2 protein chains.
Amino acid sequence: MTAPLNATHDPQRRSWVESANHPSNDFPLQNLPLGIFRRSGRDAPHIGVAIGDQVVDLAALAAAGFLPDSAKAACAEPTLNSLMGLGPVAWSGLRTRLSELLGADTCAAASRQTAVSACFVPMESATMMLPARVGDYTDFYASVFHATQVGKMFRPENPLLPNYKWVPIGYHGRSSSLVVSGTPIRRPHGQTKTAEAAAPTFTVSQNLDYEVELASYVGPGNAQGAAIPIGEAEGHIFGVSLLNDWSARDLQAWEYQPLGPFLAKNFATSLSPWVVSLEALAPFRVPAFARDPGDPSPLPYLSHARDQMIGGFDLTLEAWIITPKMRAAGEMAARLSRGNFSSMYWTLAQLLTHHASNGCNLLPGDLIGSGTVSGPEKTSRGCLLELTMRGAEPFALPNGEPRGFLQDGDEIILRGYAERPGARRIGLGECRGVVLAANP
Amino acid sequence: MTAPLNATHDPQRRSWVESANHPSNDFPLQNLPLGIFRRSGRDAPHIGVAIGDQVVDLAALAAAGFLPDSAKAACAEPTLNSLMGLGPVAWSGLRTRLSELLGADTCAAASRQTAVSACFVPMESATMMLPARVGDYTDFYASVFHATQVGKMFRPENPLLPNYKWVPIGYHGRSSSLVVSGTPIRRPHGQTKTAEAAAPTFTVSQNLDYEVELASYVGPGNAQGAAIPIGEAEGHIFGVSLLNDWSARDLQAWEYQPLGPFLAKNFATSLSPWVVSLEALAPFRVPAFARDPGDPSPLPYLSHARDQMIGGFDLTLEAWIITPKMRAAGEMAARLSRGNFSSMYWTLAQLLTHHASNGCNLLPGDLIGSGTVSGPEKTSRGCLLELTMRGAEPFALPNGEPRGFLQDGDEIILRGYAERPGARRIGLGECRGVVLAANP
């Protein structure tokens, strides 16, 4: 379902929205990510597309007759769920139309630009919301580097379990506590127990962590009892965002056996507001992860020649931090890690196909997290647990501050982008969250 | 928040709906469970209350001016979510009014009975639906007998993990695949691997199982970041139903480490249609499970004198089966097990309070499964995994058929009820599901 490159990808094309043409802008004409916003002081959530420093109100564009019939009604909804349910032909048609409306070459007439810009809201005055009503949120564990590093800490004798290279390991997360970028995160309480202690205590988590993940949103999905063949999987992926899977490592270590993480994760999960389509990322497709010679091939239901050839995404994902001390000193954020989604052991298509392989019904707007994106290099480790060896080797920030785990007031900023010579840079935007002190 | 006994519990009271007065009927005047139904051939889902063999349409009762102002608008909704959000004062007010309207003593005038019975739909012609839009479904593991039995099979050296008696172990389930009683269950495919095999295969599950559980529905719930004190927990429980947590044991054994069950469970979970309030169950409250002298006391956040005194429910839960052969011979269902909810290690209040203790927000309509209800006796084991020692000791049905795990065409029927001398029997109704052959 990966669309071939077309005029919407042409790196030479510019928007008449000048801010979109700056080379470092996340939202050029070639991106066109969708999200949900409210105008400041107004209540109704609308679908918007990001272009440079502007949000274009799709409900207003639809009302003005600018949108294709196939997507018009869905674009007037208060969430992206209906549009997600329409599938890739409608998504692509909408993208083409938006590209025409915002392209300097295809929308040159001043009168038409005036009509379109009547639907603009400056990004700085738009309040972003979650892009979809997420019915179910699933989190995978698709980085073999993350699984191995974490496995070493929790099970030194047995870091990578025997199923890992066969089964895309995943579990269900909590939908109710998904929050949009910018929402503060309350430090949780919970049960913890050190190896030496005779009994656990219920206390404030001391080992609060973030996890850099890529999230994908489900498109049309499948009926209960039906499966989604691997060759069709990408037609069921509406797009991707950044996800921060906040994790209380002290709670996790004590609670997670035998049924997996629960309260260590479900207090909050942050999402970036803009959803970037797979079509926008088409110029950045790369082969699926190159398995080691000794690794098994994927079982047939997870195996597809095209997925192997272009199942990956050359997408850089970064974590940054601003501590209260840095904020007080007016310092910029410091980078904690930089990884790449191409290092993931399983492709997005494999995660989705595996999820539906037992007949589990995936619905429009369902959210699938990739799991922490960590690569082979130490600098690419996507959480403090790995970066600091469970806090034992604190990370040294540029101002000399050490960080084993997160402190109150720390802000974590995830950033994601794709860039390569000959293509226009595509950004995912940011996913931010500041840690609040625990309730008394 | 457990209401004292009042006129709605009086076992001497009868309904003018004669079918409700039969001693074995699940839905006497003292029960008044709520659910969502459609009239045959009509589309709009309405809230109904079960009385004997009738369903009373609450939207119609509300329109006719029979319901209290506090619950009137919520009773006209197509799901129970709004009513669940109102809290125990409104729930109790509605129950009192329904008891008055349906009581032979309190609604003796023929004209009034005629007006109320204009809102009746015969149960046999009502199509039942899920009671609520379930935002998040959580499944616990609250039977120490189940945890120990299953632990023995999966981890013979380490059956009950060290956290079990401190932490109410739970994990997130799948909301999208919740189905109402009567929905057929498609046998899933998935990865399985025997200990001897070098590699897993993707195949039809051979070890399909059921699990007898009690489900509770969340009432008002809590804001993200806030907790629910144990003393207030029951005010956030709208009521209980039967839940069948269908489980593919061969898939589960291979996939569940380290993040817990996933595809082994999320293909389908069945719910009974009627939600029985905690107030209806007030005559059947018993002390919380008596821990062994060597067991730890619950940590303070899970400890409350009243919960210890009456945290339990004397509620019998049974699993029954009809095989294709039995069906063809016109035989009745055979009982597989009979357990009691009073044998659960953790109370419903403890499960809810633990769930919110990290600030995880619980919302009206969220579903909390208890985990398999198994007691100390072999006859009380609530799944085939336990009853048959992982299929090694098949269960002998009355007609001589053996059952290790479920076969295609088998129907599982869960039943639940509370009864004791001096109280009117309260039934939960049934939760049924027949196993369909896997897709080719």
Side-chain angles (χ1 to χ4, degrees), chain A residues 135-136 138-139 141 151 154-155 161-163 166-167 169-177 179 186 188-191 193 199-202 205 224-227 248 251 254-264 266-268 296 299-301 354-355 357-363 366 436 439, chain B residues 135-136 138-139 141 151 154-155 161-163 166-167 169-177 179 186 188-191 193 199-202 205 224-227 248 251 254-264 266-268 296 299-301 354-355 357-363 366 436 439:
Chain A
D136 282 289
T138 298
D139 202 18
Y141 194 56
F154 285 88
R155 296 174 304 276
L161 294 170
N163 56 10
W166 297 97
V167 182
I169 296 292
Y171 68 107
H172 298 115
R174 180 86 191 171
S175 298
S176 71
S177 55
V179 296
R186 180 72 61 187
H189 288 72
Q191 283 196 35
K193 183 183 163 303
T201 52
F202 182 79
S205 170
Q224 194 166 2
L251 277 55
W254 173 234
E255 77 168 359
Y256 92 103
Q257 285 194 320
L259 300 183
F262 181 49
L263 299 192
N266 67 11
F267 56 95
L299 289 178
Y301 80 104
H354 178 67
H355 201 326
S357 66
N358 67 341
C360 176
N361 49 331
L362 308 182
L363 301 179
D366 285 349
L436 300 182
N439 286 324
Chain B
D136 282 288
T138 298
D139 201 19
Y141 193 55
F154 285 88
R155 295 174 306 275
L161 294 170
N163 56 11
W166 297 96
V167 182
I169 297 292
Y171 68 106
H172 297 116
R174 180 87 190 170
S175 298
S176 71
S177 54
V179 296
R186 179 72 61 187
H189 288 74
Q191 283 196 36
K193 183 184 163 304
T201 53
F202 182 79
S205 170
Q224 194 166 2
L251 278 55
W254 173 233
E255 77 167 1
Y256 92 103
Q257 285 193 318
L259 301 183
F262 181 49
L263 300 192
N266 66 12
F267 56 95
L299 289 179
Y301 79 105
H354 179 68
H355 200 327
S357 66
N358 67 341
C360 177
N361 48 331
L362 309 182
L363 301 179
D366 285 348
L436 299 183
N439 286 324

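Throughout, protein chains are lettered first and strands after them, A, B, ... in sequence-line order, and every chain is numbered starting at 1. The shown structure was predicted, so the numbers you read here are calculated from the model rather than taken from an experiment.
- Checking side-chain atoms of Q191(B) against main-chain N and O of W166(A) turns up a donor-acceptor pair under 3.5 Å.
- Of the two parts of P296(A), neither the backbone nor the side chain holds a non-hydrogen atom closer than 4.5 Å to a non-hydrogen atom of chain B.
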Practice item. Let me see the working for F262(B) and N358(A) under side-chain contact (heavy atoms from CB on, under 4.5 Å), right down to the final yes or no. Key: CA-CA 10 Å; F262(B) 181 49; N358(A) 67 341; over 6 Å; no
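- Here S175(A) is the residue among P188(A), G190(A), G151(A), S175(A) with the most heavy-atom pairs under 4.5 Å with chain B.
- Each of G225(B), P258(B), P261(B) has some count of heavy-atom pairs under 4.5 Å with chain A, and the biggest count is that of P258(B).
- Looking at L299(B), only its side chain comes within 4.5 Å of chain A, counting heavy atoms on both sides.
- Annotation: maximal heavy-atom pairing with chain B below 4.5 Å, among L251(A), T201(A), D366(A), L436(A), occurs at D366(A).
- For L161(B), the part sitting under 4.5 Å from any heavy atom of chain A is the side chain, from C-beta outward, and nothing else.
- If you measure heavy-atom distances from A268(B) to chain A, the contacts under 4.5 Å come from both the backbone and the side chain.
- With chain B as the partner, the residue from G359(A), G173(A), A199(A), P300(A) showing the most heavy-atom pairs under 4.5 Å is G173(A).
- Taking the side chain to side chain donor-acceptor pair (under 3.5 Å) definition, one finds that N361(A) meets it with S176(B), sequence neighbours left out.
- Heavy atoms of S205(B) lying under 4.5 Å from chain A are absent altogether.
- The contact between L362(B) and chain A is made by backbone and side chain atoms together, counting heavy-atom distances below 4.5 Å.
- Minimum interatomic distance between D136(B) and R174(A) (heavy atoms only, all atoms of both residues): CB-NH1, 3.2 Å.
- Using cut-offs of 30° and 60° for the angle between ring planes, the Y301(B) and F202(A) rings count as parallel.
- For D139(B), no part lies near chain A; criterion is any non-hydrogen pair under 4.5 Å.
- Considering all non-hydrogen atoms of both residues, H355(A) and N266(B) come closest at CE1-ND2, 3.8 Å.
- Counting heavy-atom pairs under 4.5 Å between each of A248(A), A264(A), A226(A), P162(A) and chain B puts P162(A) at the top.
- Heavy-atom distances place both the backbone and the side chain of N163(B) under 4.5 Å from chain A.
- Without hydrogens or angle criteria, Q224(A) side chain to F267(B) main chain gives a donor-acceptor distance under 3.5 Å.
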